[in-house]
Amino acid sequence: MAVQTSTKLNLCDDDDEKPLVFKRSNPKSKQNQLDGQLKQLPEQNKSSTIKEESNSIEHPAKENSDSEDAKPIKARLGKPCEDSDDDKPLSSRITPKKVGTSGSQPYDSKERKPVASKVQKNFSSTTDKGKTSYVISTKRPLDKANISEKSSAKRPKVSDSSTSIKNMQVSAKKEPKKEDDDDFIPISQRIKKATSDNKSPVTKQKVTKVGPSSIKKKIKKGQKASQFSKYSKSTTVPPSSNDGQKKWTSLVHNGVIFPPPYKSHGIKMLYSGKPVNLSPEQEEVATMYAVMKDTDYVQKQTFRNNFWNDWHKLLGKNHIIQKLDACDFSPIYDWYQNEKEKKKQMSTEEKKALKEDKLKEEEKYMWAVVDGVKEKVGNFRVEPPGLFRGRGEHPKSGKLKRRIRPSDVTINIGKDAPIPECPIPGESWKEVRHDNTVTWLAFWNDPINQREFKYVFLAPSSSLKGQSDKEKYEKARMLKDYIGNIRAAYTRDFTSKDGTKRQIAVATYLIDKLALRAGNEKDDDEADTVGCCTLKVENVKAIAPNSLEFNFLGKDSIRYENTVEVEIPVYKAIIQFQTGKRGSDDLFDRLDTSKLNAHLKELMPGLTAKVFRTYNASITLDNILNKETKEGDLSEKVVVYQHANKEVAIICNHQRTISKSHSAQMSRLLEKIGNLQSTLKELKTDLDRAKKGRPPLKDADGKQKRNLTPEALERKIAQTTVKIEKMELDMRTKEDLKTVALGTSKINYLDPRITVAWCKRHEVPIEKIFNKSLLAKFAWAMDVDPDFRF
DNA sequence: CACCCCACTTAGAAAGCCCGAT
DNA sequence: ATCGGGCTTTCTAAGTGGGGTG
């Protein structure tokens with residue numbers, strides 16, 4: 001054990017990464033913009049949360065959470081969420097300070113409070129110990145290696161780079177390349193050296209695995225292994241991962257399924273108050289619009305204009321309908337609501353029968369056989385026609401997305417597999433390919449943007465997806481060994497005389513510290529959003545002495561609002577980048593994502609901007625779980641996980657819109673609590689009286705209550721108190737999480753091995769954290785060693 | 001290098017389902 | 001039996017990033 005422990009510690013420590021800690025306010029923005037709904041919220045809600053961050057990753061959370069519960073709800077609601085203070089790990093050792101968050105924004109939207117949700121994950125880095133799972137994990141690397149060797153054919157470049165991460169790491173560390181060129185010794189090299197000296201991964205791994213750990217494992221596993229292993233799918237992971245090129249050897253599937261042809265309902269909409277005849281094609285599009293009546297899409301002028309343009313074309317120049325404003329779609333809307341209602345009213349048997357029919361019809365499309373293994377297909381249904389629902393201010397929002405036909409679809413399938421029959425009689429596929437260097441089963445061009453494609457892939461539970469998921473996390477773990485030097489290097493370059501270098505340094509810093517996305521260029525016919533490299537001068541405000549206030553729309557037009565204290569050189573550099581520019585000019589004028597990534601690749605093999613997000617998310621989870629998990633009951637542990645999950649979601653700015661019923665729900669809860677409190681008061685009064693041998697007071701209706709013993713009353717009081725506390729906690733949690741989306745990070749950013757290992761160590765059933773889909777998706781992580789740390 | 005093409009991951013909203021309180 | 005609400009699942013939009021080309 002000792003050994004193990006130490007290992008663990010080391011790993012942890014290695015976190016050399018001390019958290020940078022930034023704070024971020026929470027951003028939540030998009031919704032705000034869009035919806036007015038938010039406004040409805042009661043003030044209490046608004047209070048919230050901004051978080052600021054504390055510095056270190058470690059302590060923050062605990063304090064908050066513990067203490068808070070005790071306070072009255074209102075008080076809690078009122079506070080900014082302190083919980084959040086945690087540290088955000090982005091950290092570096094560079095030590096930035098925190099800043100208070102931005103003050104100006106309205107809190108409403110931003111708040112996020114602690115979550116209650118369930119998931120957590122941890123993992124430790126590197127230890128792959130043997131074990132079954134181990135096999136799996138190792139596979140890739142090995143595979144790759146093997147493959148690369150074998151296949152001379154395809155591997156142009158990919159293969160090289162793709163060599164297994166592990167291999168790379170090892171080699172890198174061991175033999176630091178000394179070639180470092182120019183002045184700048186590649187960080188990677190340096191890092192390698194450093195790491196190799198003390199704790200090269202290799203060493204770590206071995207130590208951990210071999211020693212005591214194995215013993216531990218056995219013990220632990222004895223109890224739980226089976227539970228976890230039932231989800232693990234070691235067998236499925238094919239050893240065959242190739243690196244870059246060959247993705248499969250045999251591929252069999254049945255193609256895709258098309259939506260049924262349009263069935264006219266014949267309901268007449270009104271134009272200037274009079275019924276209008278429409279052809280089925282015209283009616284179909286009118287119905288698409290009618291049905292959206294109570295979405296906020298139709299409130300947007302862009303949406304209506306685009307819809308009108310396309311529909312008008314269908315109607316023809318001389319149609320009676322000449323303007324959208326005189327259209328009344330409500331007959332169609334009402335018909336639709338009625339149909340929905342009818343469906344709801346069907347008996348359960350009818351519903352079941354309907355469902356079975358559908359299943360039968362789709363069953364054959366749901367599966368593919370990849371290298372002899374049956375795998376689920378992700379999206380085998382071709383997208384039905386509809387009105388394009390672009391997010392944010394998308395210039396094409398509302399345009400008609402036309403029906404996709406077999407002649408639009410290209411199928412990819414094994415050479416020896418039967419070509420799927422075209423499901424629409426008389427039509428045929430656009431093309432059939434046999435390309436085993438890609439994983440898609442079919443694609444068609446996006447009707448909204450012809451230059452883009454819509455692919456049909458395997459489901460996340462497939463080994464193909466699982467393997468690449470695992471590779472993603474291995475790469476992020478590799479960053480652990482390089483991050484120290486990378487931070488040191490960019491810190492040095494904050495003051496470089498080379499302007500490009502300076503921009504790269506600052507951009508990298510922001511990506512690392514704030515988990516910003518890379519920020520590729522966008523076309524004019526897309527919503528105007530930005531990432532790091534595309535930040536505009538107006539998106540960042542320097543606030544003396546050394547804080548930066550960020551405010552911009554990111555992916556999905558979600559607003560990022562955060563004020564952060566940064567190092568002085570960064571602060572100065574930003575001001576310098578802004579000098580002489582207009583607000584709408586690029587902050588980083590000598591930079592784009594490809595330059596940035598090219599630079600990152602010099603620092604670590606395979607490193608790109610997005611790896612920092614994965615790294616920071618996962619390392620944060622690992623750190624928080626390990627710091628905050630205490631002895632305690634199951635639900636307390638789950639709360640710790642949820643808290644960690646929430647912190648990650650905040651770092652990554654994963655938001656959701658406040659549900660329409662949120663404020664109603666809150667007031668309902670408040671009312672219930674109020675009732676309980678008066679009950680409590682009565683009980684206390686009755687208790688006092690009972691102690692003096694007097695009967696209870698009459699209840700609100702004037703009826704006489706039952707005569708209870710003081711003991712019974714005390715029991716009731718205790719029960720009621722507990723109930724109130726629980727409700728207050730629920731309420732706080734709900735308020736806290738009303739704008740935080742926990743799922744995204746769980747699905748995409750948190751190495752599942754962290755979670756699985758933590759569950760094993762703390763005897764938390766994995767089902768408390770992962771739902772069925774996640775268990776299937778993360779089958780590859782199930783047999784991780786309990787000592788695993790990210 | 002700018003541009004385009006392509007493949008694949010990441011994302012929030014909507015729809016569906018399920019379960020407990022009434 | 002109904003309703004409300006949370007959690008899942010589905011859907012598809014919106015990102016990232018690699019590679020080829022001229």
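Since the structure is predicted, the reported quantities are computational estimates derived from the model, not experimental observations. Naming convention: chains lettered A, B, ... in sequence-line order (proteins, then strands); numbering from 1 in each chain.
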Quick one: [X] [atom1] to [N] [atom2], roughly how many Å, whole number?
{"X": "Asp294(A)", "N": "dA13(B)", "atom1": "CG", "atom2": "C1'", "value": "15 Å"}
{"X": "Met366(A)", "N": "dC11(C)", "atom1": "CE", "atom2": "P", "value": "12 Å"}
{"X": "Met292(A)", "N": "dC11(C)", "atom1": "CE", "atom2": "C1'", "value": "14 Å"}
{"X": "Tyr297(A)", "N": "dA13(B)", "atom1": "OH", "atom2": "P", "value": "8 Å"}
{"X": "Lys475(A)", "N": "dG18(C)", "atom1": "NZ", "atom2": "C1'", "value": "11 Å"}
{"X": "Arg656(A)", "N": "dA15(B)", "atom1": "CZ", "atom2": "P", "value": "17 Å"}
{"X": "Arg590(A)", "N": "dC1(B)", "atom1": "CZ", "atom2": "C1'", "value": "16 Å"}
{"X": "Lys595(A)", "N": "dC3(B)", "atom1": "NZ", "atom2": "C1'", "value": "14 Å"}

Residues forming a salt bridge (charged side-chain N to carboxylate O under 4.0 Å, His left out) with [X], sequence neighbours excluded:
{"X": "Asp408(A)", "result": "Arg402(A)"}
{"X": "Arg590(A)", "result": "none"}
{"X": "Lys777(A)", "result": "none"}
{"X": "Glu452(A)", "result": "none"}

* Check side chain to side chain contact (heavy atoms under 4.5 Å, CB included) between Leu676(A) and all other residues, then give those that pass, not counting sequence neighbours. => Thr720(A), Lys723(A), Ile724(A), Met727(A)
* To do: Applying side chain to side chain contact (heavy atoms under 4.5 Å, CB included), name anything that partners Lys360(A), two or more places apart in sequence or on another chain.
  =>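 Residues passing side chain to side chain contact (heavy atoms under 4.5 Å, CB included) with Lys360(A): none at all.
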Give every pair of a protein N or O atom and an N or O atom of nucleotides 16-20 of chain B that lie under 3.5 Å apart, one pair per line with the distance.
{"unit_1": "dC17(B)", "atom_1": "OP1", "unit_2": "Lys355(A)", "atom_2": "NZ", "d": "3.0"}

Can you tell me if [X] touches the phosphate of [N], counting only side-chain N or O atoms and a distance under 4.0 Å to OP1 or OP2?
{"X": "Thr593(A)", "N": "dT16(C)", "answer": "no"}
{"X": "Thr608(A)", "N": "dG17(C)", "answer": "yes"}
{"X": "Asn771(A)", "N": "dT8(C)", "answer": "yes"}
{"X": "Arg381(A)", "N": "dT10(C)", "answer": "no"}

What contact category does [X] fall into here, base, sugar-phosphate, or nothing, at under 4.0 angstrom with non-hydrogen atoms?
{"X": "Pro460(A)", "answer": "nothing"}
{"X": "Lys401(A)", "answer": "sugar-phosphate"}
{"X": "Gly531(A)", "answer": "nothing"}
{"X": "Gly554(A)", "answer": "sugar-phosphate"}

* Kindly state which residues belonging to residues 520-529 of chain A come within less than 4.0 angstrom of DNA chain C, counting heavy atoms of the residue only, listed by number. =>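 DNA chain C contact set from residues 520-529 of chain A: Asn520(A), Lys522(A), Thr529(A).
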* With a 4.0 Å cut-off, would you call Glu735(A) and Lys738(A) a salt bridge? -> yes
* **Lys/Arg N to Asp/Glu carboxylate O, Asp296(A) vs Lys300(A), below 4.0 Å** =>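 Salt bridge: no.
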* Asked: From Lys396(A) NZ over to Asp525(A) CG, what is the distance, rounded to the nearest 0.5 angstrom?
  ->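 Those atoms lie 4.0 Å apart.
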* Asked: NZ of Lys430(A) to CD1 of Ile411(A): how many Å apart, nearest 0.5 Å?
  -> 12.0 Å
* Structure fact -> Hits for side chain to side chain donor-acceptor pair (under 3.5 Å) against Asn379(A), two or more places apart or cross-chain, chain-then-number order -> none
* Phe388(A) side chain, from C-beta outward: closest of dG12(B), dG18(C), dA13(C) ->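 The closest nucleotide is dA13(C).
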* **Residue Lys454(A), side-chain atoms from C-beta onward, closest of dT12(C), dA13(B), dG18(C)** =>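 Out of dT12(C), dA13(B), dG18(C), the nucleotide with an atom closest to Lys454(A)'s side chain is dT12(C).
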* **Nearest-nucleotide 5' precedence on DNA chain B, Arg433(A) against Thr295(A)** =>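 It is Arg433(A), whose closest nucleotide lies nearer the 5' terminus.
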* Starting at the 5' end of DNA chain C and moving along, which residue's nearest nucleotide shows up first, Gly390(A) or Lys772(A)? ->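 Result of the comparison: Lys772(A).
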* Identify, between Glu383(A) and Cys532(A), the residue whose nearest nucleotide on DNA chain C lies closer to the 5' end. =>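 Closer to the 5' end of DNA chain C: Glu383(A).
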I'd like a list of close polar pairs between nucleotides 8-11 of chain B and the protein, N/O only, cut-off under 3.5 Å.
{"unit_1": "dC8(B)", "atom_1": "OP1", "unit_2": "Lys247(A)", "atom_2": "NZ", "d": "2.9"}
{"unit_1": "dC8(B)", "atom_1": "OP2", "unit_2": "Thr439(A)", "atom_2": "N", "d": "2.9"}
{"unit_1": "dC8(B)", "atom_1": "OP2", "unit_2": "Thr439(A)", "atom_2": "OG1", "d": "2.9"}
{"unit_1": "dT9(B)", "atom_1": "OP1", "unit_2": "Ser468(A)", "atom_2": "OG", "d": "2.7"}
{"unit_1": "dT9(B)", "atom_1": "OP2", "unit_2": "Lys465(A)", "atom_2": "NZ", "d": "2.5"}
{"unit_1": "dT9(B)", "atom_1": "O3'", "unit_2": "Lys610(A)", "atom_2": "NZ", "d": "3.0"}
{"unit_1": "dT10(B)", "atom_1": "OP1", "unit_2": "Lys610(A)", "atom_2": "NZ", "d": "3.2"}
{"unit_1": "dT10(B)", "atom_1": "OP2", "unit_2": "Lys472(A)", "atom_2": "NZ", "d": "2.6"}
{"unit_1": "dT10(B)", "atom_1": "O3'", "unit_2": "Tyr749(A)", "atom_2": "OH", "d": "3.2"}
{"unit_1": "dT10(B)", "atom_1": "O2", "unit_2": "Lys555(A)", "atom_2": "NZ", "d": "2.6"}
{"unit_1": "dA11(B)", "atom_1": "OP1", "unit_2": "Arg517(A)", "atom_2": "NE", "d": "3.4"}
{"unit_1": "dA11(B)", "atom_1": "OP1", "unit_2": "Arg517(A)", "atom_2": "NH2", "d": "2.7"}
{"unit_1": "dA11(B)", "atom_1": "OP1", "unit_2": "Arg613(A)", "atom_2": "NH1", "d": "2.6"}
{"unit_1": "dA11(B)", "atom_1": "OP1", "unit_2": "Tyr749(A)", "atom_2": "OH", "d": "2.9"}
{"unit_1": "dA11(B)", "atom_1": "OP2", "unit_2": "His654(A)", "atom_2": "NE2", "d": "3.1"}
{"unit_1": "dA11(B)", "atom_1": "OP2", "unit_2": "Tyr749(A)", "atom_2": "OH", "d": "3.0"}
{"unit_1": "dA11(B)", "atom_1": "O4'", "unit_2": "Lys555(A)", "atom_2": "NZ", "d": "3.3"}

* Structure fact -> Phe303(A) meets the ring-ring contact (aromatic ring centres under 6.0 Å, His included) criterion, sequence neighbours left out, with Tyr297(A)
* To do: Return the set of residues passing ring-ring contact (aromatic ring centres under 6.0 Å, His included) with His253(A) (not counting sequence neighbours), or none when no residue passes.
  =>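 Here no residue qualifies.
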